[in-house]
Each structure stands twice: as C-alpha cells, then as structure tokens.
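In what follows, a single structure is set out as structure tokens and then discussed.
All values below were derived from every heavy atom in this structure, side-chain atoms included, with hydrogens, water molecules and symmetry-related copies excluded. For clarity, every value in this text was computed on a predicted model and none was experimentally measured.
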Amino acid sequence: MTTELTHYINGAHVKGTSGRFADVYNPATGEVQAKVPLASTAELDQAVEIAAKAQPAWAATNPQRRARVMMAFVGLLNRDMDKLAEALSREHGKTLPDAKGDVQRGLEVVEYCIGAPELLKGEYTDGAGPGIDIYSMRQALGVTAGITPFNFPAMIPMWMFAPAIACGNAFILKPSERDPSVPLMLAELLEEAGLPAGIIQVVNGDKESVDAILDNEVIQSVGFVGSTPIAEYIYGRGCSNGKRVQCFGGAKNHMIIMPDADMGLAADALVGAGYGAAGERCMAISVAVPVGEETADRLIEELIPRIDKLRVGPYTAEGDVDYGPVVTAAAKENILRMVEGGVEAGAELVVDGRNFNLQGYEDGFFVGPHLFDRVTPDMEIYQKEIFGPVLSCVRAGSYEEALGLAMDHEMGNGTAIFTRDGDAARNFASRVNVGMIGVNVPIPVPLAYHTFGGWKKSAFGDLNQHGPDAFKFYTRTKTVTSRWPSGIKEGGEFNFKAMD
Ligand code: NAD
C-alpha cells in the first residue's frame with residue numbers, strides 16, 4: 001500500500017497542495033511504498049512566513065530553557081531509537097545497526113547543543129576607555145534553512161537544526177525526497193520535547209522548493225549537504241542573494257597504506273570503510289593507495305577473501321548483513337555503468353560483483369561488491385565519485401607519489417594513512433590538503449564537539465558543520481560600546497578617539 005506523506009508546518013502534518021509527488025521506494029524490494037509531496041514556491045513561502053512569526057519569541061526564550069528542549073529531545077530520540085532506525089532502513093536500505101548509528105551521530109550533536117548557554121556567552125571588556133565598556137553578543141539570525149542528502153536522513157538534518165534552534169533561530173528543513181519519513185518524525189519529536197510550533201518545519205520537495213529557499217528574502221542562511229554540482233549551484237545562488245551559505249559536497253577519499261602497516265588491520269578497515277552502507281557515505285574510502293608493489297600485492301591478497309565473505313541483504317534479514325541495497329534503481333544503474341567503464345579503461349576487476357543476484361529480492365537495488373586493481377588517475381572510476389560498493393586500488397611507487405594523488409584530486413573531504421611510523425603519519429597530516437585526516441582510522445568523522453568539513457570541491461563556505469563553528473554559523477555578532485552620561489565631561493568630540 002502506498003502512503004501519502006506530508007509536510008510538517010506550524011506544528012502539524014499538512015498535505016501537499018502542488019499536485020506534484022515523488023515516489024519513495026523500499027530499496028530492498030524495489031517497491032514504491034510512499035509518495036512524498038513536492039512543495040511549490042507558495043507552500044515554501046507560507047512556511048517561512050509562519051517561521052518568521054514564531055521565531056522572535058523563541059529567540060527571546062532564555063538559552064537555558066532552549067537547552068532543556070534539546071535535553072528532552074535527546075531522551076525522546078533514545079526512547080524511539082528502534083522505531084526511527086526501522087523507518088530509516090526501510091526507505092534508505094542501510095542495515096539496522098547502521099541506521100541506529102545514523103540517529104546516534106545526530107543525537108550526539110543535539111547533546112552538544114545542550115551547552116548552548118555556555119556556547120552563546122559573549123565577550124566583555126570592562127573599562128575599554130574612561131567610563132567605557134565594550135561587550136559583544138551572539139544573536140540568532142532569524143529564519144534559517146537546510147537542504148539535506150539521502151544518505152544520512154537523521155544525522156545531517158540534526159547537525160543543522162539542533163544548533164540553529166539552540167541558537168534561537170527557526171529552521172526550515174528540505175530533506176531528500178528519497179527518504180523523508182525520518183525527518184518528519186524528528187520534527188514531531190522536537191515538538192513533543194517542548195519546541196513551540198513553527199520553529200522546526202519540514203517542507204518536502206525538489207529543485208522548485210530549493211530555489212524557493214534560495215530566493216526567499218526572509219531566509220537568512222542556508223546549509224546544504226549533497227553532491228558537488230548542486231553544492232556549487234546553491235552556494236552561488238544563495239550568496240548572490242545575500243545569504244549566509246555553507247555547502248558540503250562529494251568526496252573521493254584516499255587511504256594510503258605504507259609498507260610497514262599491519263596489513264590485516266588495513267584490509268579490515270578498508271572493507272568496512274569501502275563497502276559499509278553500500279559505499280553511500282561521503283566519508284567512505286573509495287581509493288586504496290598501497291605504497292610499493294609488494295605492499296599492493298599483500299593488500300590485495302588480504303582484501304579478496306574479506307570481500308568474498310561480505311553478506312549483502314535487506315535490513316530485515318535474519319542474521320548479520322554487512323550492507324544493504326543502494327537507494328534507487330538509477331543509482332544502481334550508474335554504479336554498474338561506471339564499473340563497465342573501468343573495465344573498458346583497462347583497470348583489473350579482481351572482485352567482480354556485476355552478476356550479483358539476491359534470491360527473493362530480484363527487484364531490489366542490490367549491488368555486489370567490486371574491487372579494482374591497477375586503477376590510474378586518468379580513469380573515470382578514479383576521478384568521479386561512484387557512491388557504491390566499489391573500491392579502486394591505485395598503486396603508488398613512493399610515499400610522495402601517494403601523497404600527491406590525494407593532493408591532486410579535486411575532492412578533499414577525508415583521507416587516511418595506515419602506518420606504524422609516527423613520522424610518516426605526522427608528515428601526512430601536516431601536508432595533505434584535505435579537511436579530515438585519519439591515522440590508522442579509516443573514517444575520521446570528528447565527534448560532535450569538533451567540527452566536520454572538507455576542503456577543495458568537497459565544501460564551499462568558511463565554517464564547518466557542528467562543534468563551535470555551528471554556533472558561529474547560526475548567530476551573528478553584535479558589539480556594543482557604552483558610556484553612561486556621568487562619563488561625558490568634556491562636551492562634543494570631533495576626532496576618532498583612541499581609548500587612552
Ligand atoms: P544530491 O545533491 O542529489 O541531493 C541533495 C539535496 O539537493 C536533496 O535534498 C535534493 O532534493 C536537492 N537537489 C537535488 N538536485 C537538485 C537541483 N538540481 N537543484 C536543487 N536542489 C537539488 O545528493 P544525494 O544524492 O542526496 O546525496 C549524495 C551526495 O551527497 C554524495 O555526493 C555525497 O558525497 C554527498 N554527501 C556529502 C557530505 C559531506 O558532508 N560532504 C555528507 C553526506 C553526503
């Protein structure tokens with residue numbers, strides 16, 4: 001049965017009125033399980049109007065009270081963890097433990113936001129001049145918005161709306177149209193936690209609602225996470241409309257394996273980081289760079305049996321499943337097209353998942369694991385993000401060559417080095433032009449109290465997500481210089497005065 005999903009506006013589920021819908025699939029079976037309404041510009045504008053009316057009272061609510069809503073929200077996320085994970089797996093396809101991780105890594109940012117009263121404290125200079133004090137405060141922006149990708153439907157919305165709301169803003173969330181149910185559930189839970197109506201609203205949609213966000217004059221800031229071409233587009237249009245914008249794009253994360261690395265550990269790490277979530281992670285490792293022919297041979301030898309043992313299946317399967325289907329039939333087609341391209345370009349397909357078939361789930365969007373060896377930088381499979389269970393091995397002759405590969409790639413989200421040599425690790429972390437580095441850690445996603453963001457074509461804007469940067473992104477600084485009448489003793493002043 002197909003469910004008709006809604007928007008979440010002014011504290012209630014609201015049916016779409018545009019007459020346009022997108023199909024939401026169960027990627028494991030290939031069936032359409034819901035239809036999500038695609039908002040018109042008018043629907044988006046109406047939600048913004050409601051948010052603008054609700055926001056001043058929320059900003060005037062003291063930060064401790066706002067933090068208490070976050071605290072209650074954490075409790076409700078934990079209460080409903082299983083329900084959220086099941087809804088997430090059903091629309092996204094990832095395994096249940098992975099879906100819980102998706103909720104958990106968002107929840108940790110909510111926990112961080114409970115510190116809003118501390119994080120929002122301003123600065124004060126007592127006696128900056130005779131009788132003069134200067135203080136600065138961080139104030140909410142007003143109505144803010146976020147546009148999120150399909151691959152982390154719980155975590156990434158929470159990375160945006162938790163700090164935005166804790167800072168006193170209203171937030172309009174435009175989630176991915178592929179898995180919109182969890183974002184709707186999160187909005188409901190936030191209100192159950194005590195958030196007033198109109199402060200979090202979910203407007204489902206596609207390009208029309210994104211453009212409506214970018215052109216709406218009331219919206220002060222836009223956060224985006226998704227593919228690089230859309231990130232670039234949103235950054236350009238949002239900035240030219242005078243908004244504060246941060247956009248996080250695609251990735252092609254390299255893992256350097258030095259000859260002295262523990263090869264078993266490196267192979268275990270690569271299998272998890274390359275094939276977990278079917279490779280649909282912006283921090284997935286998609287390129288392995290062993291240094292030296294012997295290292296490469298040993299690594300491939302360790303990888304093949306591990307990849308052969310991977311269990312691919314639906315989240316409902318009994319027993320352990322390592323990864324599930326990819327999100328749509330189109331995503332599957334694109335991955336297999338790129339694999340064919342790699343074979344034609346001369347890369348060695350040492351694990352071939354092209355004929356993978358899961359009995360009973362023939363219409364699901366499952367893709368078998370693939371491993372390419374002897375990939376070279378001129379190949380499309382090296383240059384472009386595949387976003388599927390495909391790992392490419394590029395053999396480097398030296399450490400400098402391996403470092404150069406990571407540095408010359410246009411993407412710069414994450415990277416890792418596996419070595420026992422502290423000197424090499426330190427050199428790598430210091431020199432590589434990538435935003436997040438792992439040393440013997442394959443997926444170095446920083447925790448909530450640090451910040452997350454890539455370099456080069458993986459991010460546009462100057463502040464990272466979550467951690468202290470989020471509190472800067474969602475507030476603006478106001479600085480007051482004050483002197484009381486008793487301090488004015490000498491009549492008018494005509495020169496720009498030094499604080500002597
Ligand atoms: P996507 O770019 O297709 O979609 C992201 C959002 O943009 C969705 O809400 C979608 O509705 C909207 N959108 C799509 N096309 C649009 C258009 N033409 N105009 C305006 N809006 C449009 O990305 P996706 O497939 O949902 O997610 C996967 C991508 O996200 C990968 O490239 C992945 O690397 C990236 N990602 C990056 C990070 C990061 O932090 N850097 C994190 C997660 C995912």
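- Remark: Leu173 CG to Leu186 CG distance equals 8.5 Å, nearest 0.5 Å.
- A donor-acceptor pair shorter than 3.5 Å cannot be found between the side chains of Asp126 and Tyr135.
- Rounded to the nearest 0.5 angstrom, Leu76 CG and Met71 CE are separated by 13.0 Å.
- Judged as a salt bridge (Lys or Arg N to Asp or Glu O under 4.0 Å), and not counting sequence neighbours, Glu123 has no contacts.
- Lys100 NZ to Leu107 CG: the interatomic distance, rounded to the nearest 0.5 Å, is 13.0 Å.
- In this view, Lys384 and Met338, Glu380 satisfy the side chain to side chain contact (heavy atoms under 4.5 Å, CB included) rule, not counting sequence neighbours.
- Screening residues 138-150 for side chain to side chain donor-acceptor pair (under 3.5 Å), with sequence neighbours left out, gives Arg138-Thr475, Arg138-Thr477, Gln139-Lys478.
- Residues satisfying the salt bridge (Lys or Arg N to Asp or Glu O under 4.0 Å) test with Glu108, not counting sequence neighbours, are Arg105.
- The side chain to side chain contact (heavy atoms under 4.5 Å, CB included) check on Thr228 picks up Glu232, Met411, Lys457, Phe460, with sequence neighbours excluded.
- Put simply, OG1 on Thr61 and CG on Leu195 are 9.5 Å apart, with the number rounded to the nearest 0.5 Å.
- A distance of 8.0 Å separates CG in Leu141 from SG in Cys167, rounded to the nearest 0.5 Å.
- For Glu118, the salt bridge (Lys or Arg N to Asp or Glu O under 4.0 Å) partners two or more places apart in sequence, or in a different chain, are Lys121.
- Under 3.5 Å, the side chains of Tyr235 and Gln246 contain no donor-acceptor pair of N or O atoms.
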List the steps and the verdict of side-chain contact (heavy atoms from CB on, under 4.5 Å) for Asn204 and Val202. CA-CA 6 Å; Asn204 283 304; Val202 182; 4.2 Å; yes
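- Sorted by first then second residue, the side chain to side chain donor-acceptor pair (under 3.5 Å) pairs that include residues 440-452, not counting sequence neighbours, are Thr451-Asn464.
- By the 6.0 Å and 45° rule, Lys174 does not stack over the aromatic ring of Phe224.
- Contacts classified as side chain to side chain donor-acceptor pair (under 3.5 Å) and involving residues 266-283 (residues at least two apart or in different chains) are given here: Asp98-Arg281, Asp268-Arg306.
- Atom-to-atom distance recorded for Phe21:CZ and Asp206:CG is 12.5 Å, nearest 0.5 angstrom.
- Under the 4.5 Å side-chain criterion, counting only non-hydrogen atoms from C-beta, Thr328 is not in contact with Pro27.
- Applying the ring-ring contact (aromatic ring centres under 6.0 Å, His included) test between His92 and each of Phe365, Phe152, Phe150, Tyr315 identifies Phe150 as the sole match.
- For the residue pair Glu43/Ser40, the side-chain donor-acceptor check at 3.5 Å is satisfied.
- Of the candidates Val287, Leu303, Val271, Leu391 forms a side chain to side chain contact (heavy atoms under 4.5 Å, CB included) with just one, namely Leu303.
- With sequence neighbours excluded, the residues forming a salt bridge (Lys or Arg N to Asp or Glu O under 4.0 Å) with Asp322 are Arg311, listed by chain and number.
- Panel note: side chain Thr415, backbone Ile437; no donor-acceptor pair is recorded below 3.5 Å.
- Judged as a side chain to side chain contact (heavy atoms under 4.5 Å, CB included), and not counting sequence neighbours, the contacts of Lys53 are Glu49.
- The shortest side-chain heavy-atom distance between Asn413 and Phe248 does not fall under the 4.5 Å cut-off.
- Contacts classified as side chain to side chain donor-acceptor pair (under 3.5 Å) and involving residues 180-198 (residues at least two apart or in different chains) are given here: Tyr8-Glu191, His13-Glu188, Arg79-Glu192, Glu91-Ser181.
- Listed by chain and number, the residues in a side chain to side chain contact (heavy atoms under 4.5 Å, CB included) with Ala52 are Val143, Val218 (sequence neighbours excluded).
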Run Leu189 and Leu84 through side-chain contact (heavy atoms from CB on, under 4.5 Å) and show every step you take. CA-CA 11 Å; Leu189 286 182; Leu84 289 161; 4.1 Å; yes
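- For the pair His466 (side chain) and Ala448 (backbone), a donor-acceptor distance under 3.5 Å is present.
- Donor-acceptor pairing under 3.5 Å is recorded for the side chains of Arg431 and Asn427.
- For the pair Met255 and Phe418, the minimum side-chain heavy-atom distance is below 4.5 Å.
- Between Asp179 and Arg90, none of the side-chain N atoms (NZ, or NE/NH1/NH2) sits under 4.0 Å from a carboxylate O, so this pair counts as no salt bridge.
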